Structures are given as structure tokens and as C-alpha cells.
Amino acid sequence: MGTYLLFLQKSFQQKFVYRTSAYIYLLSTCLRVFIMVNVWTALYAGRDSINGVSLMDMLNFIVISAIVSALTQTRMGDKIAAKVVDGTIAVDFLRPIRFKYFVYADQLGENLYQVLLNALPVCILAALIYGFEMPADPLMLSLFIVCLFFGILIIFSINYIVGLISFWSKAAHPTSWFLLTAVTLFGGTFVPIWFYPDILREVTLFLPFRLIYFEPINIYLGRVTPSEAMSIIVIQLAWLVVLWLVERFMWSKIQTKLTVQGG
Amino acid sequence: MAFIEMQNVTKQFRVYPRQKGFANALKSLVYKPYEIKTAVDGIDFSIAKGELVGYIGANGAGKSTTIKMLSGILVPTSGQIEVGGLVPHENRKRNAGRIGVVFGQRSQLYWDLPMEETFDLYKRMYKIDAAAFKRNVQFFVELLDMQEFVRRPTRQLSLGQKMRANLALAMLHDPEILYLDEPTIGLDVVAKSKIRKFIREINREKATTVILTTHDMNDIEEICDRLIMIDHGRKMFDGTLHEFKQTYSDSTIVILDLEEDAALQVSDGRLKVIQEDGQRKYVSIDKNIISLVDAITQLAQTNRIREVNVKEPDIEDTVRRIFEK
């Protein structure tokens with residue numbers, strides 16, 4: 001455990017090296033929140049609520065989603081693929097560690113950096129300007145945290161599995177791009193699923209993507225009852241088991257067919 | 001059972017030859033023909049604890065593949081491998097704890113952090129005890145002359161400095177075995193000699209077993225006691241450096257500088273003049289049929305010699321000759 005915490009810390013630390021890019025990220029997050037707030041205010045056009053969603057809910061959604069998206073972003077699929085393609089994966093496999101935990105810790109370190117030094121400052125600023133509400137019920141807040149935690153695990157598992165595919169294909173694929181599209185469409189990260197047409201909403205119910213981002217925020221905003229929140233968490237766990245089985249199966253294959261490329 | 005044992009080990013890869021042209025690229029999406037390439041072809045060897053073994057061969061001979069199988073990150077197609085009683089690829093993590101590996105072409109350091117930070121990480125990862133860690137860091141930093149750059153981020157280090165740091169990193173947890181895959185590639189003479197000194201020193205101090213692949217024959221001559229040569233995945237030679245020279249190079253070159261620019265007078269058929277370059281003459285002798293002293297005595301009787309130099313066959317020439325055959 002200690003080792004992986006140290007991996008997390010190192011990847012967190014590494015982020016501090018490039019100050020210019022940190023400022024650019026900060027600026028872009030500011031702009032994103034600012035644009036979203038203005039677009040949605042314009043769409044509401046003075047109305048109090050649309051489909052039972054108040055403008056205040058929407059503003060809360062925008063602010064909290066900045067934090068959730070910083071926590072649920074992952075590049076691990078691309079990173080694994082790049083390492084497989086150029087053979088650097090050998091270095092990771094030579095260490096007496098669990099590869100998956102290493103990859104997770106590495107990603108989490110980056111995400112925590114993004115939360116603490118990027119999303120959080122922007123959110124505080126936005127909350128001061130536009131107003132922001134915390135859940136009144138501590139039960140909902142804790143359910144939100146649990147649900148968000150499992151949401152992170154789900155997107156990490158998916159991206160990890162996508163990364164493992166590169167052991168077979170021996171090529172880097174635009175996986176991040178593809179996943180981002182899927183998560184944006186079926187996960188409700190850009191437009192909340194509240195506003196989706198019925199068919200599309202039905203489809204999202206059969207996919208894991210809404211469980212990553214949209215459902216935790218839904219719980220945070222108190223738009224579901226505690227018992228509904230519990231059942232969402234159960235569905236998350238079911239998905240995690242499925243993803244875990246897939247990943248175990250792939251891993252056992254990799255152990256026997258692993259080839260490391262290049263010199 | 002020897003410490004490191006390979007028995008009839010073969011490793012085959014599938015390679016997908018890429019065809020030219022857009023139509024073929026499209027076709028390859030559906031159907032991809034492949035060929036089987038045998039990188040390692042029935043290799044046997046056993047290595048005892050504390051040996052310094054040079055593993056040589058041309059590019060693509062199967063050296064790196066062997067190292068990767070020994071370190072447990074490649075699974076052999078057939079044959080048995082055992083390293084200190086473990087099958088490496090079945091016990092990857094446990095095996096990893098006992099070996100140190102340096103790939104000349106890959107760095108294990110964190111790119112943006114000073115090497116000290118990577119050292120800390122390895123301390124935790126390999127559960128190195130604090131006293132041993134401190135002692136090793138001190139010892140390696142001194143031996144590899146790294147004082148001036150321990151605190152500098154990796155990206156600002158030269159290739160030679162990075163390689164030294166990687167060597168130290170591989171040895172931090174006192175591994176029983178050190179695999180070095182082209183550790184001196186692309187380095188200047190000074191860096192090379194530091195690395196060679198380091199390898200000899202840790203072998204003496206810690207009795208680490210070292211297997212080293214290289215293209216620089218000076219590495220072998222200065223470090224190794226034993227040499228294994230492979231070609232096209234097959235073992236060609238396994239023995240001491242001395243035996244290697246005896247087997248593959250039977251001639252010694254005598255270089256003579258004469259007093260005047262005249263043709264060299266040779267009366268004995270066992271002396272072969274291979275080149276005449278003004279006053280300088282090159283004579284090749286086969287030590288198995290004539291001794292060096294006899295040869296020079298004879299030459300001195302028929303010629304006015306100012307200076308004599310003897311050039312022992314160097315291993316680089318020898319290897320080149322073998323591969324060119």
C-alpha cells in the first residue's frame with residue numbers, strides 16, 4: 001500500500017514541474033465554467049425551471065461537475081498503449097509491483113493535483129460569484145462520496161481494459177478520444193441526462209457511463225431519494241464486478257502471451 | 001542445478017510484414033498474414049553464482065530476448081528456464097525482487113524529478129532497509145561519481161549521467177543478479193570506463209552475478225571472465241575469453257619498423273607478410289606452429305629492424321571475422 005501511495009505522490013509532484021501548463025489549465029477551467037454558466041442562464045431565459053430542474057440546480061451541476069470531471073479524467077489507456085508500442089512497458093513489468101495498482105496510483109496522483117490546484121480554486125471562485133449549495137442532508141453527502149468513489153473506479157477500469165487491448169493490437173488507438181465521446185454522450189457530462197430525449201435516456205440506462213459522472217452529481221444535488229441512491233450504488237458494484245472479470249481474464253492471457261517490443 | 005539455467009530454450013514471435021500501398025493497408029484490416037520468426041533457437045547454458053558473463057552477438061541475434069526471458073517478462077515458446085530455483089515468468093514479482101536490470105535504451109528514472117526521488121521510490125518498492133539503503137546510495141554515488149547531479153531533474157542529465165543513475169538504481173536493493181542490456185551504448189570513453197569500473201567493483205564487493213550484452217568488445221575484455229556468443233538465436237561459443245581467442249583467432253601480428261625502406265626478407269614459410277607500408281611491415285604468425293621468439297629472431301637475422309611491436313588479436317576483430325563468415 002505504502003509503495004502505491006508513493007507512486008501517487010510522485011505523479012502528483014511531477015505535475016508541479018510545468019508551471020506554464022498549470023496556468024493554462026487553470027485558465028481553461030475558468031473559461032469552461034464561465035461559458036457553461038452563461039449558456040445555461042441564456043437557455044433558461046428567465047424561467048425558474050425546465051423539466052423540473054431549477055436554474056440553481058443547473059448552476060450547482062456546473063460547479064460540482066468541474067470537480068467530478070477532474071477526478072474522473074484518465075489517460076491511462078493511452079499511456080499503457082504508448083508504453084506497449086515503444087516497449088517501455090518492460091520497465092514496469094520488471095518491478096516487483098502490481099501493474100494495475102501502479103497505473104491507478106499514477107492516474108490518481110494526477111487527478112488529485114487537478115482537483116486541488118485547478119478545479120477547486122475555480123469552484124470556490126464560481127461559488128462566490130454565482131452562489132452554490134451544499135447538500136443539506138449529511139446522508140446524501142456521504143452517499144455522493146461513495147458513489148463518486150465507485151464512479152472513479154468504473155472509469156479507471158474501463159480505461160485500463162482499453163489500455164490492455166494494446167497488448168494484442170500492438171498499436172496506439174485514439175482510445176481517449178473514443179472514450180471521451182462515449183462518456184460525453186452516454187454519461188451526461190456536457191448536457192445533463194435530465195434533458196435527454198426518452199430514447200437516448202433509455203440507452204444510457206444500459207451502459208456504465210452515466211454511473212461515472214452524472215449519477216454522483218444527481219445524488220449530490222438531492223434529485224434522488226436515499227434509497228434510489230443506494231440502488232445506483234448497487235448497480236455500480238455490479239458493473240465493477242463485470243469489469244473486474246473482464247480485466248482478470250485479459251490479464252491472465254497477457255501473462256502468457258506477453259511480448260515486449262523493441263531492442 | 002546451477003544458479004541460472006537455460007535448457008533448450010526457444011522463443012518465437014509472430015511478425016506481420018507490412019505491405020506497401022493503400023490497398024494492402026485496407027486489406028490488412030481484415031486479413032493479416034504473418035511469419036514466425038525464431039529469435040532464440042534452442043539455447044542451453046548454465047551460469048554459477050558470482051560469474052561475470054558477456055553475452056554477445058550481432059543485432060537481432062536474440063540477446064535482448066534472452067535477457068527478457070531471464071527476467072520473467074517474456075514467456076519462452078519452449079524449453080526450461082530456472083533462476084535461483086524459480087521459473088522467472090511464473091514468479092515475475094518474486095523474481096523481480098532478486099534481480100536488477102538495466103536496459104541501455106530505456107531509463108527507469110522519473111523524467112521530471114531528481115534521481116534521489118526515484119531512489120526513494122525504489123527504497124519503498126523493494127522494501128530496502130534504511131541502513132542498507134543509505135550505505136548503498138553513498139557507495140554508488142561515490143563509485144559512479146554522481147555527487148554533482150543527484151539533485152538535478154533527470155531531463156537535465158546527459159546520457160552518461162542517466163546511465164550511471166540507472167545502474168545505481170538497479171543495484172539499490174542488492175540484487176543477486178544484474179542483467180545489463182547494452183549498458184554502454186552511446187557513451188563516451190570516460191563514462192564507459194566508470195561503468196566498467198562499477199560493474200567489476202560490485203561483482204567483487206557483493207558477489208553479484210552479472211550477465212552483460214554489448215557490442216563494445218572492450219566491455220567484454222575489461223569486465224567479463226566468460227563469454228557466450230549467439231548468432232541467429234543459436235549458441236556459437238561458450239567459454240573463457242582466453243579460450244575464445246584461441247579458438248577463433250590463431251594469428252598474432254608482428255609489426256616491424258625497419259631501418260631503411262627495403263623489402264622485407266623472409267626465409268621461413270611459417271611467416272606471412274600481410275602488408276608492407278614503407279618502412280613498416282606487418283607479419284602474421286601462427287603461434288601454434290612457431291613461437292613468437294623464434295619468429296622475431298628469424299626476422300632480425302635477415303633484416304635491420306629498428307622497432308618491434310606485437311599486436312595480440314583483439315576480440316573485436318575476431319568477432320567481426322566470425323560474423324562475416
Side-chain angles (χ1 to χ4, degrees), chain A residues 1-22 79-80 82-103 105-106 109-110 113 167-171 173 251-263, chain B residues 11-16 39 59-60 63-65 67-69 71-75 88-114 117-118 120-127 153-155 166 169-170 173 175 179 181-182 185 213:
Chain A
M1 187 65 192
T3 312
Y4 303 101
L5 278 177
L6 203 60
F7 277 126
L8 190 153
Q9 189 204 324
K10 295 287 177 224
S11 91
F12 185 83
Q13 248 175 299
Q14 259 198 316
K15 279 270 156 194
F16 278 93
V17 177
Y18 300 101
R19 264 196 297 176
T20 320
S21 80
K79 272 194 181 176
I80 296 171
K83 282 178 173 182
V84 171
V85 169
D86 72 7
T88 15
I89 195 88
V91 172
D92 294 324
F93 276 76
L94 281 172
R95 296 170 165 174
I97 48 163
R98 297 279 292 271
F99 181 64
K100 177 177 145 184
Y101 296 167
F102 160 67
V103 172
D106 191 59
E110 268 184 35
Y113 173 90
F167 279 99
W168 281 267
S169 64
K170 297 276 183 279
H173 303 288
W251 187 249
S252 70
K253 290 280 170 208
I254 286 168
Q255 299 281 49
T256 55
K257 78 172 294 273
L258 174 63
T259 57
V260 177
Q261 312 213 109
Chain B
K11 176 73 196 178
Q12 294 176 324
F13 293 106
R14 278 183 184 190
V15 286
Y16 299 91
N59 282 324
K63 302 186 300 289
S64 295
T65 307
I67 298 283
K68 281 169 188 160
M69 285 193 285
S71 41
I73 58 175
L74 273 186
V75 184
H89 61 92
E90 286 171 7
N91 302 273
R92 185 180 61 82
K93 270 176 67 182
R94 263 187 73 199
N95 187 57
R98 308 192 317 184
I99 61 172
V101 185
V102 177
F103 290 121
Q105 322 218 42
R106 313 198 188 294
S107 175
Q108 316 202 21
L109 302 160
Y110 268 75
W111 185 245
D112 294 318
L113 302 176
E117 306 262 353
T118 315
D120 284 344
L121 187 72
Y122 271 61
K123 174 174 181 254
R124 191 75 71 84
M125 195 157 57
Y126 287 92
K127 304 181 176 63
T154 309
R155 65 192 140 84
N166 269 299
L169 203 57
H173 58 291
Y179 297 122
D181 196 1
E182 302 184 25
I185 194 163
T213 79

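None of these values were measured; they are calculated from a predicted model. Lettering follows sequence order; numbering is per chain, from 1.
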Colleague: Which residues pass the side chain to side chain contact (heavy atoms under 4.5 Å, CB included) test with A:Val91, not counting sequence neighbours?
Modeller: A:Arg95, B:Arg106, B:Gln108
Colleague: What heavy-atom pair brings A:Trp251 and B:Arg92 nearest, and what distance separates the two atoms?
Modeller: CZ2-NH2, 4.5 Å
Colleague: Which heavy atom of B:Ala96 sits nearest to which heavy atom of A:Pro96, and what is that distance?
Modeller: CB-N, 3.8 Å
Colleague: Which heavy atom of B:Tyr126 sits nearest a heavy atom of A:Leu94, and at what distance?
Modeller: OH-O, 3.8 Å
Colleague: Sequence neighbours left out, what passes side chain to side chain contact (heavy atoms under 4.5 Å, CB included) with B:Arg155? Give chain and number order.
Modeller: A:Val17, A:Tyr18, B:Trp111, B:Asp112, B:Pro153
Colleague: List the atom of A:Lys10, the atom of B:Leu113, and the distance in Å for their closest heavy-atom pair.
Modeller: CD-CD1, 3.8 Å
Colleague: Which atom names give the shortest non-hydrogen contact between A:Leu6 and B:Asp120, and what distance separates them?
Modeller: CD2-O, 3.8 Å
Colleague: Using 0.5 Å steps for rounding, measure from the CE atom of B:Met125 to the OH atom of A:Tyr4.
Modeller: 9.5 Å
Colleague: Could you tell me which of B:His173, B:Glu117, B:Lys123, B:Arg94 has the largest number of non-hydrogen atom pairs under 4.5 Å with chain A?
Modeller: B:Glu117
